[in-house]
Protein chains: 2
Amino acid sequence: MTKTAIPAPNYPRPLTTVDVVIFTALDEQLQVLLVKRPDGPKEPFPGHWALPGGFVDVDKDTSLETCALRKLKEKTGVDAPYLEQLGSWGSAERDPRGWSATHVYFALLPQAAVQLEKGANAAEVAWHPVIDHKVKPKLAFDHAEILAVAIERLRSKSEYSSLPAYLLPAEFTLPELQQAYEVVLGRPVDKSAFRTRVLSAEVVEETGDQRYTTNRPAALYRLKQPGALTFFPRTFSPRKD
Amino acid sequence: MTKTAIPAPNYPRPLTTVDVVIFTALDEQLQVLLVKRPDGPKEPFPGHWALPGGFVDVDKDTSLETCALRKLKEKTGVDAPYLEQLGSWGSAERDPRGWSATHVYFALLPQAAVQLEKGANAAEVAWHPVIDHKVKPKLAFDHAEILAVAIERLRSKSEYSSLPAYLLPAEFTLPELQQAYEVVLGRPVDKSAFRTRVLSAEVVEETGDQRYTTNRPAALYRLKQPGALTFFPRTFSPRKD
DNA sequence: TTAATAGTGTCTATAAGACATTATATG
DNA sequence: CATATAATGTCTTATAGACACTATTAA
């Protein structure tokens with residue numbers, strides 16, 4: 001039961017949902033997690049790919065954010081190191097079941113973190129590469145528009161913040177971090193400028209260890225303030241139009 | 001009646017509201033429009049000041065944004081030259097009438113635009129100066145927190161965009177625009193740097209007219225793209241901590 | 001002619017872009 | 001020692017900050 005110290009007016013209420021845009025970097029591409037909508041005559045957009053999400057459960061969810069965290073965990077099995085609200089979309093038309101409003105969050109995950117279940121619903125939950133602000137399949141509801149906004153937010157915020165670091169595991173090298181930026185921004189980034197920028201902003205600190213690969217090893221770093229964003233005083237590349 | 005091509009599941013639904021944070025610059029201060037909550041035993045926060053807003057009307061409102069525009073017009077009688085979504089807040093606790101989620105927009109208005117009705121509800125709708133990210137009266141619901149986020153968003157966005165221009169009428173002088181920035185940012189801004197920045201970004205164009213006051217007249221400008229935001233390649237003042 | 005505000009110019013500081021150079025591991 | 005990648009250095013460019021200086025109106 002919902003706590004109602006004061007009775008609520010008896011207006012008809014819109015449907016309330018929460019959706020989560022979950023990004024990762026995989027195979028040097030930005031990818032987004034999608035789920036397949038169930039089939040059935042009474043289902044909206046049966047068989048379509050959609051952002052993971054669903055109705056707010058007023059008994060289980062204490063807030064929109066805990067609801068988003070719940071849905072994130074249900075689909076990925078992990079806690080996202082970064083979650084922020086993207087915005088909300090609501091109208092009479094967006095869901096054939098009636099007036100609905102969705103509260104959208106977006107999350108960044110390191111590649112390694114997620115083990116999508118193989119088996120039962122393997123075909124129902126999958127990463128899809130983001131190409132040109134879009135994903136290949138036609139999405140359910142207004143999710144294509146929401147995804148476009150999420151990608152734009154991720155890109156533009158990556159121009160002046162440490163956001164792409166959350167696509168990496170807790171320890172990473174600077175070349176790895178640079179590549180995360182390049183994947184998100186979709187363009188190469190100058191190594192020297194990148195290093196100066198990141199190091200002088202004191203976003204990261206050395207762990208003391210090194211990552212050994214086939215050639216010269218690279219120093220390992222971690223975020224100084226895990227979960228927090230650092231903002232740079234300038235955008236990455238002053239876009240010249 | 002709501003259109004229901006497909007029946008909706010019968011979960012209990014949260015209350016859905018829209019609130020609007022309306023800013024203006026008045027008397028060289030940032031001000032926000034507040035409304036007084038009605039008195040009454042069945043009213044939440046009776047007599048408290050609150051952000052203008054209320055329930056989504058699924059019959060009248062086609063979307064969250066049109067709902068926000070409606071509430072804005074109801075309180076101010078004008079169309080805001082700038083409106084953007086701030087975010088949403090929802091939890092079991094924020095409204096004593098039950099689980100509720102509010103979709104919050106924020107708007108900027110020129111000082112001159114608004115004539116709050118004198119008379120009937122004169123005491124019910126009023127501008128309140130923003131001092132130190134707060135407003136004097138204790139606000140209803142979680143509106144103090146929402147207002148703080150709105151102010152922070154306005155401030156930080158003003159560091160790198162043309163946002164404060166929407167606190168001014170369609171035609172304004174550069175000293176007036178500079179003062180709008182100073183009011184929002186709460187600090188003085190260098191005149192020379194300010195002018196170079198604004199003029200080289202081609203945000204504004206001269207109208208050809210001048211504003212005559214007590215001394216040297218100033219050239220009048222207007223926005224080149226009314227309703228749009230221009231972003232600068234750097235933040236206004238690289239904050240040194 | 002003075003006061004006040006509008007508008008310009010000069011110099012410095014900061015951080016990014018381009019790109020060459022040096023360093024250090026593996027095989 | 002060859003190769004590949006990590007890391008640094010040098011030079012240029014863009015734009016903000018500080019602040020002095022000039023311009024134009026009303027009274």
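Here is the naming used below: chain letters follow the sequence lines, and residue numbers restart at 1 for every chain.
Atom-to-atom distance recorded for B:L177:CG and B:F172:CZ is 5.0 Å, nearest 0.5 angstrom. Here the straight-line distance linking atom OG of B:S161 with atom OH of B:Y166 works out to 9.0 Å at 0.5 Å rounding.
Taking the charged nitrogens against the carboxylate oxygens, A:E176 and A:R211 do have a contact shorter than 4.0 Å, which makes a salt bridge. Using a 4.0 Å cut-off between charged nitrogen and carboxylate oxygen, A:E205 and A:R222 count as a salt-bridge pair.
Here the options are B:L86, B:L69, B:V18, the test is side-chain contact (heavy atoms from CB on, under 4.5 Å), and the partner is B:Y105; only B:V18 passes.
Of the candidate nucleotides C:dG17, C:dA25, D:dG17, C:dG17 has the atom nearest to the side chain of A:F236. Minimum atom distance to the side chain of B:N215 is reached by D:dT25, of the listed D:dA7, D:dT25, C:dT8.
Comparing A:A218 and B:T196 by the nucleotide of DNA chain D whose heavy atom lies nearest to each, the residue mapping closer to the 5' end is A:A218. In terms of position on DNA chain C, the residue among B:T173 and B:R234 whose nearest nucleotide sits closer to the 5' end is B:T173. Toward the 5′ end of DNA chain D lies the nearest nucleotide of A:T214, the other residue of the pair A:T214 and A:D190 mapping further downstream.
Atom pair B:Q178:CD and C:dG7:C1' shows a separation of 11 Å (rounding to whole Å applied). The distance between atom CG of B:L220 and atom C1' of C:dT5, rounded to the nearest whole Å, is 15 Å. Regarding A:L177, its CG atom lies at a distance of 15 Å from the C1' atom of D:dA6, rounded to whole Å. Protein atom CZ of A:R195 is 18 Å distant from nucleotide atom P of C:dA18, rounded to whole Å. One atom, CG of A:L174, and another, P of D:dA6, lie 10 Å apart when rounded to the nearest Å. Rounded to whole Å, atom C1' of D:dA16 lies 12 Å from atom CD of B:E159. Across the protein-nucleic acid pair, B:R187 atom CZ and D:dA18 atom P stand 10 Å apart, rounded to whole Å. For B:Y160 and D:dA14, the OH to P distance is 24 Å, given to the nearest whole Å.
In this pair, A:H128 and A:W49 present their aromatic rings perpendicular. The plane angle is above 60°, beyond the 30 to 60° band. Using the six-membered ring where Trp is involved, A:F141 and A:H143 have ring planes that are tilted, between 30° and 60° apart.
A heavy atom closer than 4.0 Å to some atom of DNA chain D occurs in no member of residues 199-211 of chain B.
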Polar atoms only, N or O, under 3.5 Å: list the protein pairs with nucleotides 21-23 of chain D and their distances.
unit_1 : atom_1 : unit_2 : atom_2 : d
D:dA23 : N3     : B:R216 : NH1    : 2.7

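A:S192 comes within 4.0 angstrom of a nucleotide base, judged by non-hydrogen atoms across all strands. Among the heavy atoms of the strands lying under 4.0 Å from A:R197 are primed sugar atoms or P, OP1, OP2 only; no base atom is included.
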Given B:K224 and B:E202, is the salt bridge (Lys or Arg N to Asp or Glu O under 4.0 Å) satisfied, shown in steps? CA-CA 8 Å; B:K224 268 196 175 165; B:E202 307 200 334; 3.8 Å; yes

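In this structure, B:Y181 has no side chain to side chain donor-acceptor pair (under 3.5 Å) partners at least two apart in sequence or on a different chain.
Environment of CD in A:E145: crowded, with over 12 heavy atoms of neighbouring residues, nucleotides or ligands closer than 6.0 Å.
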